[in-house]
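Below is one structure, written out as structure tokens, with a few remarks after it.
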Amino acid sequence: SSSEEVTATFYANLLDVNFNIPSASVYSSALVQGHLFSGNIGLKTFQFTIPMEGELGYLDIRIGKSHPLDMFLVAAGDSVRIHLDLQNGRTVFTGPAANAYRIQSEIQQKLQEDRLSDNPIMFTQDRNRFLSDPDDRKMYQEISANYLPGWSRKLDFLDSAELIYQHAKRQMGSASALEDYLQILANYKGKIDRERYDLLKADIIGRTQMQPLDFLFRNLRQEERYQDVFNSYRTAMESLWNPEEVPNEKSYFFGEYLYLSTSIQASLKGASLITVSEALPQKKKELVLAKALAKNFRRIPDLSKSVGVVLNEVQTPWISNELTQLIARQAEGSTLPPIGFLDRDGREILPQEWQEKVVLLDFWLVGCKACAGFFQERLLPIYKEFGDREDFMIATVAVDKSKDNWVKGLESGNYTDPGFTNLFASGYDHPFLDHYKIGVFPTYMIIGKDGKILKSGDFPKDLSGWKHIIENYLSTDQTHSGI
């Protein structure tokens with residue numbers, strides 16, 4: 001490998017990986033040149049010893065752009081040696097726990113193969129506008145004419161409700177593919193302990209079903225045909241495995257499956273997730289509601305009420321603690337930590353320098369269409385309305401790892417304005433982002449003149465609503481008690 005460092009991310013517990021809840025432990029190790037006497041001549045080696053508080057966890061290993069271990073389920077006491085041939089794409093496991101890792105490596109490879117066989121999709125209201133360039137149109141027509149399902153790929157435009165429905169139907173019809181994955185696991189029956197076997201089964205179910213369920217959930221309509229698709233899917237799934245046999249509360253991926261499937265049921269019924277989850281056993285109910293809160297805390301209108309309902313259901317201490325801390329950090333009146341960002345000259349700027357101003361703080365990413373849209377539709381009009389005031393400012397923070405990429409984003413004029421205070425976070429792992437669990441973009445918050453949070457979620461849907469709350473904050477003396 002050209003990379004000289006290995007990064008291992010370990011999740012002792014995990015509620016949501018996108019928001020890093022709870023925060024993972026990250027370990028780095030330099031690659032060390034092997035030696036004749038250790039039997040590693042011509043190789044580079046690394047070693048991690050990861051302390052575990054509980055019995056299980058998830059381990060992710062990256063070496064440069066290579067990702068040989070993608071969220072592998074690990075157990076306390078595991079001892080395994082991993083031989084990585086990055087040039088030829090081969091991974092070999094040896095040692096006492098090798099079989100548990102071989103299973104997951106085979107599953108990971110099959111997931112990659114299946115995803116590469118799927119056509120990429122593009123949501124657009126008008127494909128003709130997207131293909132307005134004659135050369136693009138000609139290329140797309142040639143690719144479509146020569147397309148052979150299973151042998152080649154083409155971009156699928158989803159520009160109508162019917163096409164979205166047909167794609168969802170195909171995705172949900174993929175449940176039978178689960179058999180191939182379960183057969184991989186069955187090949188190792190008796191070679192690993194029963195608890196690990198059952199947990200890996202739960203993981204496989206979750207990993208393979210998350211993508212189709214997520215697509216259905218995001219594009220769901222309260223129509224009978226969607227109900228029929230989901231009912232057929234559930235019937236197919238129930239023929240492949242018995243839900244009562246899966247220790248799902250210990251599997252992160254099965255928890256995701258459970259959250260998505262329950263959320264879809266609630267949407268189709270026009271009922272609240274809280275109501276539908278009442279039919280679940282306590283552990284499952286707790287997990288579904290906790291995940292819902294962790295994933296949607298910035299969008300929930302009456303957050304304090306929802307938090308109370310969820311915390312009344314939660315019996316697992318670490319989940320209760322994480323949710324309590326998560327909400328406390330976002331609360332109105334909470335103090336921002338003294339964690340800074342870099343300006344274009346490399347100088348650190350702390351949020352505490354912005355006192356006496358109401359600050360609209362926006363987090364964005366180069367290439368993010370939603371970020372560009374938020375800039376054009378919200379930030380620019382707000383700046384035109386309030387930008388000349390001494391007690392107001394807009395600060396933007398780019399989370400790109402590359403400073404050059406950030407500078408190109410600034411100069412493009414697509415994401416921010418020179419009149420804003422434009423800053424750089426140098427990556428997703430910035431401590432401010434982790435503190436507030438910022439994992440999707442754009443994300444924004446409003447900070448008061450006393451340097452404390454005024455608003456971090458449940459923002460208005462339209463521009464007039466934004467202008468109204470900012471005008472209100474500017475005309476009101478914000479004085480908060482410390483939290």
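Note: hydrogens, waters and symmetry copies are ignored here, and every other heavy atom, side chains too, is used.
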Check: Checking Arg102 against Phe93: charged group under 6.0 Å from the ring centre and within 45 degrees of the axis?
Finding: no
Note to self: Taking Asn20's backbone N and O only, do any of them form a donor-acceptor pair with Lys437's side chain (distance below 3.5 Å, no angle check)?
What the structure shows: yes
Notebook entry, point to check: Just wondering, are more than 12 heavy atoms of other shown residues or ligands nearer than 6.0 Å to CZ in Phe37?
Noted result: no
Note to self: Using side chain to side chain contact (heavy atoms under 4.5 Å, CB included), reason through Arg207 and Leu111 one step at a time and then give a plain yes or no.
What the structure shows: CA-CA 8 Å; Arg207 282 182 185 270; Leu111 280 168; 4.0 Å; yes
Check: Between atom CE of Met210 and atom OH of Tyr259, what is the distance when rounded to the nearest 0.5 Å?
Finding: 11.5 Å
Checklist line | Residues forming a side-chain contact (heavy atoms from CB on, under 4.5 Å) with Ser412, sequence neighbours excluded | finding: Asn414, Tyr415
Check: Would you say the side-chain atoms of Gln109 and Glu113 include a donor-acceptor pair closer than 3.5 Å?
Finding: yes
Note to self: For Ile121 and Phe215: C-alpha separation, side-chain torsions, deciding distance, then whether side chain to side chain contact (heavy atoms under 4.5 Å, CB included) applies.
What the structure shows: CA-CA 11 Å; Ile121 60 174; Phe215 182 88; 3.7 Å; yes
Notebook entry, point to check: Is the ring centre of Tyr257 less than 6.0 Å from the ring centre of Phe253?
Noted result: no
Note to self: Looking only at the side chains, is there a donor atom on one of Tyr140 and Asp135 sitting less than 3.5 Å from an acceptor on the other?
What the structure shows: no
Note to self: With no hydrogens and no angle check, just 3.5 Å: does a side-chain donor-acceptor pair link Lys284 and Thr262?
What the structure shows: no
Item checked: Between CD on residue Gln104 and CG on residue Leu185, distance to nearest 0.5 Å -> 10.0 Å
Next item on the list: Quick one: pull up CZ in Arg170 and CG in Asp118 and give me the separation to the nearest 0.5 Å.
Entry: 10.0 Å
Note to self: Is the shortest side-chain heavy-atom distance between Phe48 and Ser28 below 4.5 Å?
What the structure shows: no
Margin query: Less than 6.0 angstrom separating the ring centers of Phe459 and Tyr444, yes or no?
Written below: yes
Margin query: For a ring pair (Phe, Tyr, Trp, His ring centres under 6.0 Å) check, start with the C-alpha distance between Tyr58 and Phe10, then their side-chain angles and the critical distance, and finish with the verdict.
Written below: CA-CA 6 Å; Tyr58 285 91; Phe10 177 69; 9.0 Å; no
Donor-acceptor contacts under 3.5 Å from residues 78-86 side chains, at least two apart:
unit_1, atom_1, unit_2, atom_2, d
Asp78, OD1, Arg196, NH2, 2.8
Asp78, OD2, Ala75, N, 3.0
Asp78, OD2, Tyr101, OH, 2.8
Asp78, OD2, Arg196, NH2, 3.0
Arg81, NH2, Asn40, OD1, 2.9
His83, NE2, Thr94, OG1, 3.2
Asp85, OD1, Gln87, N, 3.4
Asp85, OD1, Asn88, N, 3.2
Asp85, OD1, Asn88, ND2, 3.4
Asp85, OD2, Asn88, ND2, 2.8

Next item on the list: State, to 0.1 Å, how close Ser251 and Leu199 come at their nearest heavy-atom pair, and which atoms those are.
Entry: N-CD2, 4.3 Å
Notebook entry, point to check: Partners of Arg329 by salt bridge (Lys or Arg N to Asp or Glu O under 4.0 Å), sequence neighbours excluded?
Noted result: none
Checklist line | Backbone of Ala236 reached by a side-chain donor or acceptor of Ser239 within 3.5 Å | finding: yes
Notebook entry, point to check: Would Arg137 and Asp133 pass as an ion pair if we require N to O under 4.0 Å?
Noted result: no
Checklist line | Ser456: partners by side-chain contact (heavy atoms from CB on, under 4.5 Å), with sequence neighbours left out | finding: Gln330, Met445, Ile453
Item checked: Donor on one side chain, acceptor on other, Thr124 and Asp159, under 3.5 Å -> no
Notebook entry, point to check: Backbone N or O of Thr316 within a donor-acceptor pair of the Ser320 side chain at under 3.5 Å?
Noted result: no
Check: Quick one: does Thr208's side chain have a donor or acceptor within less than 3.5 Å of a partner on Ile205's backbone?
Finding: yes
Note to self: Can you tell me how far apart CG (Asp193) and CG (Asn99) are? Round to the nearest 0.5 Å.
What the structure shows: 11.0 Å
Check: By side-chain contact (heavy atoms from CB on, under 4.5 Å), which residues pair with Arg347, not counting sequence neighbours?
Finding: Asp343, Ile349, Glu353
Next item on the list: Please name all residues satisfying side-chain contact (heavy atoms from CB on, under 4.5 Å) with Leu289, sequence neighbours left out, ordered by chain then number.
Entry: Leu273, Ile274, Ser277, Lys285, Val310, Glu313
Notebook entry, point to check: For Gln315, does its backbone N or O pair with a side-chain atom of Glu286 as donor and acceptor, under 3.5 Å?
Noted result: yes
Next item on the list: Answer yes or no: does atom CD of Glu53 have more than 12 heavy-atom neighbours from other residues, nucleotides or ligands under 6.0 Å?
Entry: no
Check: salt bridge (Lys or Arg N to Asp or Glu O under 4.0 Å) with Arg62: which residues, sequence neighbours excluded?
Finding: Asp60
Item checked: ring pair (Phe, Tyr, Trp, His ring centres under 6.0 Å) between Phe297 and Phe19, intermediate numbers included -> CA-CA 11 Å; Phe297 63 92; Phe19 291 109; 5.8 Å; yes
Item checked: Leu260 CG to Leu213 CG distance, which is reported to the nearest 0.5 Å -> 5.5 Å
Note to self: As an exercise, state the distance from OG of Ser105 to NZ of Lys110, rounded to the nearest 0.5 Å.
What the structure shows: 14.0 Å
Next item on the list: Just do the salt bridge (charged side-chain N to carboxylate O under 4.0 Å, His left out) check on Lys452 and Glu332 with the steps written out, would you?
Entry: CA-CA 7 Å; Lys452 297 179 180 180; Glu332 178 183 348; over 6 Å; no
Item checked: Counterpart residues, salt bridge (Lys or Arg N to Asp or Glu O under 4.0 Å), relative to Glu256 (two or more places apart) -> Lys291, Lys295
Check: Can you name the closest pair of heavy atoms from Leu287 and Gly255 and give their distance?
Finding: CD2-CA, 3.7 Å
Item checked: salt bridge (Lys or Arg N to Asp or Glu O under 4.0 Å): pairs with one or both residues in residues 142-157, sequence neighbours excluded -> Lys154-Asp156
Note to self: Can you list everything that forms a salt bridge (Lys or Arg N to Asp or Glu O under 4.0 Å) with Asp417? Sequence neighbours excluded, please.
What the structure shows: none
Margin query: Between Asp404 and Lys408, does any NZ, NE, NH1 or NH2 come within less than 4.0 Å of an OD or OE carboxylate oxygen?
Written below: no
Item checked: ring pair (Phe, Tyr, Trp, His ring centres under 6.0 Å) contacts in which one or both residues fall within residues 182-211, not counting sequence neighbours -> none
For residues 361-380, tabulate all N or O donor-acceptor pairs below 3.5 Å that involve a side-chain atom, not counting sequence neighbours.
unit_1, atom_1, unit_2, atom_2, d
Trp364, NE1, Thr396, OG1, 3.3
Arg378, NH2, Lys461, O, 2.7

Next item on the list: Any chance you could lay out the side chain to side chain contact (heavy atoms under 4.5 Å, CB included) test for Val17 and Met71, step after step, and finish with the verdict?
Entry: CA-CA 10 Å; Val17 71; Met71 297 287 289; 4.3 Å; yes
Check: Okay, side chain of Glu322, backbone of Leu15: is any donor-acceptor separation there less than 3.5 Å?
Finding: no
Next item on the list: Would you sort out whether Arg299 and Asp458 count as a side chain to side chain contact (heavy atoms under 4.5 Å, CB included), showing the intermediate values?
Entry: CA-CA 5 Å; Arg299 298 197 295 265; Asp458 186 28; over 6 Å; no
Margin query: Treating Lys403 as the side-chain partner and Arg344 as the backbone partner, does any N or O pair qualify as donor plus acceptor under 3.5 Å?
Written below: yes
